[in-house]
Every structure is written in structure tokens, then in C-alpha cells.
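This report refers to the structure that appears directly beneath it.
Within every chain, numbering begins at 1; the chains are lettered A, B, ... in the order of the sequence lines, protein sequences first and strands thereafter.
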Protein chains: 2
Amino acid sequence: MAESVANGAANRGREVVRPGDDVDFRPLYKQIKDSIIQQLIGGDWRPGDKLPSEFELAARYGVSQGTVRKALDELTVQNLLVRQQGRGTFVATHNPHRALFHFFHLIGKDGSRQLPSSRVLSCATRRATREEEERLDLRPGNQVIQIDRIRDIGGLPTIVERISLSAKKFSGLVKISRDGLPNTLYELYEERYGITIYQAEEYLRAVAATEREAKLLGIRPGHPLQEIARLAMSIDRKPVEWRVSRCLTDRHHYVSLID
Amino acid sequence: MAESVANGAANRGREVVRPGDDVDFRPLYKQIKDSIIQQLIGGDWRPGDKLPSEFELAARYGVSQGTVRKALDELTVQNLLVRQQGRGTFVATHNPHRALFHFFHLIGKDGSRQLPSSRVLSCATRRATREEEERLDLRPGNQVIQIDRIRDIGGLPTIVERISLSAKKFSGLVKISRDGLPNTLYELYEERYGITIYQAEEYLRAVAATEREAKLLGIRPGHPLQEIARLAMSIDRKPVEWRVSRCLTDRHHYVSLID
DNA sequence: GAGTGGTCTAGACCACGCT
DNA sequence: GCGTGGTCTAGACCACTCT
């Protein structure tokens, strides 16, 4: 099994550079990490897939098991992989638990955690705004898919949300949406489009509710709302989704853990 | 140097439990980690101190260097230690850079990062409220020190802040405050009271400015403000500071990085 | 040059999941 | 029982800092 077969994994594997090449030398485990990330980006391994065992990878890359382990450990810390003793190492997948604890930060004042349900108000294609072009790294004139929805927590309307996606990347989504969109869109991105959301940046500020938002949320215009603008990115750090949520924080608050 | 001398470090070190004791066995590196954390909590090693070398620690604990290394690596990831090749391993300290990038999350709309300056409005002792008792884990009737201040970014008043501290833990602070409080309080807690802020939870919501806040920030009452309530904790995860900041987010927003 | 952390190896044994 | 990841060891060599 140690031969340099001509598949992507093994080829990239044998590119590891040993010291003595001196300039630009990176530790072996970092090179292996990069190589694995490239294979995740390239789709050689998809969410849920089982990776080769540590010994198998060590043989492919021509290093010791400990070196592979260090690479895998760091990738596990970064939530790219999941390791299970006795079973193996797997590519991380999106699931409701991760959606709730990793990507959804509104919790009840009493500490209760609950994913909101969603009602889609509209889903259509239109020309991108300047802001969307910048956020999503689109060319002028490109199209976006805009999803408007309202989200309920505990049966009460709490969030008004607008989601923007590159129409090119997500072609066919408007049609799909006619049969209903799932509550957790990131699973859809992963399964239907092979795009895994891996990290995000959220920008928060306080705003006053517009007429439309007030009507949808059953409050008065001008009522303070928590705006959460999120740029979600894939493994290769390319922007995928721009989402602006305006949340009623009378019964909930946004939680951020430092350290 | 391998003898079991009777100082705290070595004693605790020799408590490591090997397998065979079976029940409740924890990996050696975890036990070493715990032991080091206990010594940080106990003040045996204080911020800025240099730890013994890996070999020295390995000898004290009676394990191999690699096992100590794994403990130190994890503590470094947790920001408790800082390692420098060629110099040694040090207990992490609070510094302006950490204050700005780790604990302060308001950034300009243009992406600029800047620590606000502070003007203390008042600093006095009073009886704790019910909320403070709960947050700071105080007994009924305990006293708190309340610091009110206003913080400017780019010369413009942006944040109205109220800080509550246990009067018992921070005795003498009111007197110190007469000579002026530093802008970054966490350095003060560390240097004068030996209390290191290690982690925090922030709760965010949108609120309407009160009369008082409006006057201080030069806005109209009812204007939406970003409330950031922070519970800051020491290494032993005991609550230390309760801080409620109300921020004008017309020129700034709060940033949260996911992953 | 001495001392420190950073990387890498080779091999041992254990704990767990599967079948 | 076999294959997997998890822990631990002992020792090698490198890179960096300080003196």
C-alpha cells in the first residue's frame, strides 16, 4: 500500500518537502494538513466520508504515524474532521446540533436554547446590490438569489431575515424552494451543492424596526432590534452567503463566549 | 533534580495516577494540565513568570518530556501560557494588544480597530442588587463597587458603561480610583489584586436609550443602543466582574468570529 | 556554547467499536 | 479478534535566544 499510486491523495502526499530544501520549509505536519485541506476543498473527501487510517496516511505521505496524528488533531480542533476511537476519522458534517450550538447564538433569557422554525416569504433572483457584490465577491451585474423569511421561536415571530446567495453558485435553488426549503439551509448547501459552510463573521448593531419589520414581528416601528449580519464562508474561505437578520431581543439575547 | 522535594509543585506533581488504579483514571497529560492550572489559580506562578523547562517539569512529574509538552501545548491554546522558542514558557499576561483583540469587539464600520478612552463618572460602594448577587455569586447584603464611565472612540462619546465588582475582593479600589483608573481595568485587577480575567460571556441585545444615556451620548432618548452585558471570570471560572455597556452602533459594530 | 522549545521517529500498550 | 484512534516513552536533530 505504500506505492505512489496516481490518485490525487497519494500524489499530493508525496509532495512533502523535507528540510535541506531550506527556504520556505514548512513542518511536515503542516504540509500534510494543507494537503488534506486541499482534498477537502477539491471534494476528494466529502462530509461524512471516512478518511484512511493514520497508518495508511503515514504510509502515503512517507512519514511516521505521529506526524499524521498531529495534522489530524489540528484539523479536528478546527472542526474540519471528527475522530472516533475505534471507528476512524471522518469529515465533519452539518447537523442540527452543530447548527444550534455553533451557528445560532440567540438564546432565551432563561438560558433555553431552541432552533427557530422558518416561514419563507419569498425566494427569487435579482441583480446584486453594490453591498452584495462586495460581500459575496461578485462581478458587477451578477445575479443573486434572495430569500426572505421570518423565524419563530416558541411560536412567536422573532427574526426577520434576508439571505443573499450567488445565483450562479446556487442555480436551481429558486425552483427547489417551491417544494419548501429546509429550516437549516447549511445542510442543503452541503448536500445539494457540495458547499460546506465552515466559518462565519457576524457583525452586530442595534437598529430601529422599519414599518415592514414592525408589522411582521408585531411590534411598533422604531422598536430596537438586534441586527446580525453574517458572512458565511466555505472551507477555502470564499464568501458563500450574506445574511441580515433583525431580531427581537425582548425575550432572547445573543450570546458570545470569549475563550 | 528528580527527587520529590516538598514544595507545592513537586508534591502535586507526584500525585499523578497511573493506569491500573483503573477507576477515574485520567490521562497523565490531563492530570499535569490540571496540576499546572491549580498552581496558576493558587498564585504559585503569576502572570509573566517563567515556568520550569519541559525537562525539569517532566522530571518533577516523573513522566516523559512529550507528555509534559502535550499539557503545555493545550494550556497555550487556551491562552493560559505563552511559549517562546529559545526562551521558555511563560504565564500569559494581560496587555493592551490582548485587551483590544481578545476582549474588545467593537470595530469601526471601515474595519478600524481602536481601544476607547475612558472618563470615569463615578466610583463608589453600595449594596448589591439582586441581579449582581446572582451574577457575581454574592451573599445577600454584600457590597459592590460600582464604576460608571463613558468611553470615547475617535474623540466621540460612544459607550456608557456600568461595572460592578465585589467590594470584598476589590477592597481599596474606590480609594485607588481617586488617583484615576487605568483605561484597561484587567491589567489593574491582575497587578493590584492578583486576579486574572481569563474568560467571559457576553450577552447582547438591542435597547432604547434612556434620558441619561441620550444626554451622555448626544443622541435622542429612544435611539437604539447595543447593549453588551459581560460576565468576566478568573482562571478558576469564578465570576469577577459584571459589566453592562450600552453602545452607539451608528459608527461601529460588534464583531463575532465563528470558528 | 548552553539552554530552550519545535519537529519527527519508532515502537509500546490501552480503550473502543465492530462483527 | 481485528482495526481504529488515544496515550506514553525515549531519543534524535533543528531553530531560536541569550551570554
(request) Starting at atom CD of A:Gln84, determine the distance to atom C1' of C:dC16, rounded to an integer number of angstrom. (result) 11 Å
(message) If I take atom CD in residue B:Glu54 and atom P in nucleotide C:dT7, what distance separates them, rounded to the nearest angstrom?
(response) 11 Å
(request) Please assess B:His94 against B:Tyr189 for the test ring-ring contact (aromatic ring centres under 6.0 Å, His included), listing each intermediate value before the final yes or no. (result) CA-CA 10 Å; B:His94 274 281; B:Tyr189 300 168; 8.8 Å; no
(message) Here's a test of your reading of the structure: between B:Gln65 and B:Val68, which maps to the more 5' nucleotide of DNA chain D?
(response) B:Val68
(request) When you get a sec, tell me which of C:dC16, C:dG6, D:dA10 is the closest nucleotide to the side chain of B:Ser64? (result) D:dA10
(message) Just N and O in the side chain of B:Thr67: are any of them under 4.0 Å from OP1 or OP2 of D:dT7?
(response) no
(request) Cation-pi check, B:Arg230 to B:Tyr186: give yes when NZ or CZ is under 6.0 Å from the six-membered ring centre and within 45° of the ring axis, no otherwise. (result) no
(request) Could you pick out which residue, B:Tyr29 or B:Gly86, lies toward the 5' side of DNA chain D when each is mapped onto its nearest nucleotide? (result) B:Tyr29
(request) Choose from C:dT7, D:dG6, D:dT9 the nucleotide whose nearest atom is closest to any side-chain atom of B:Leu28. (result) D:dT9
(request) Report yes or no: is there a donor-acceptor pair, N or O only, under 3.5 Å between the side chain of B:Arg87 and the base of C:dG3? (result) no
(message) Please report the distance, rounded to the nearest Å, between CZ in B:Phe25 and C1' in D:dT7.
(response) 8 Å
(request) Could you tell me whether B:Lys70 and B:Glu74 make a salt bridge, using a distance below 4.0 angstrom between a side-chain N and a carboxylate O? (result) no
(request) Could you tell me how the ring of A:Tyr203 sits relative to the ring of B:His253: parallel (under 30°), tilted (30 to 60°) or perpendicular (over 60°)? (result) tilted
(request) Take atom CD of A:Gln85 and atom P of D:dC8, then tell me their distance rounded to the nearest Å. (result) 12 Å
(request) Grab the CD1-C1' distance between A:Ile32 and C:dT7 for me, whole Å please. (result) 12 Å
(request) Measure distances between side-chain N and O atoms of B:Arg83 and base N and O atoms of C:dG6, and say whether any donor-acceptor pair falls under 3.5 Å. (result) no
(message) I want to check one thing: is the phosphate of C:dG5, taken as OP1 and OP2, less than 4.0 Å away from some side-chain N or O of B:Thr89?
(response) yes
(message) One thing to verify: whether B:Glu202 and B:Arg243 come together as a salt bridge, which I'm taking to mean a side-chain N less than 4.0 angstrom from a carboxylate O.
(response) no
(request) Please state how far atom CG in A:Leu57 lies from atom P in C:dC8, giving the value in whole angstrom units. (result) 16 Å
(message) Just the rounded figure in Å: distance from P of D:dC8 to CD of B:Glu74.
(response) 11 Å
(request) Quickly work out the B:Lys30 NZ to C:dC14 C1' distance and round it to whole Å. (result) 17 Å
(message) Taking 4.0 Å as the cut-off, does a side-chain nitrogen or oxygen of A:Lys70 come that near to OP1 or OP2 on C:dT7?
(response) yes
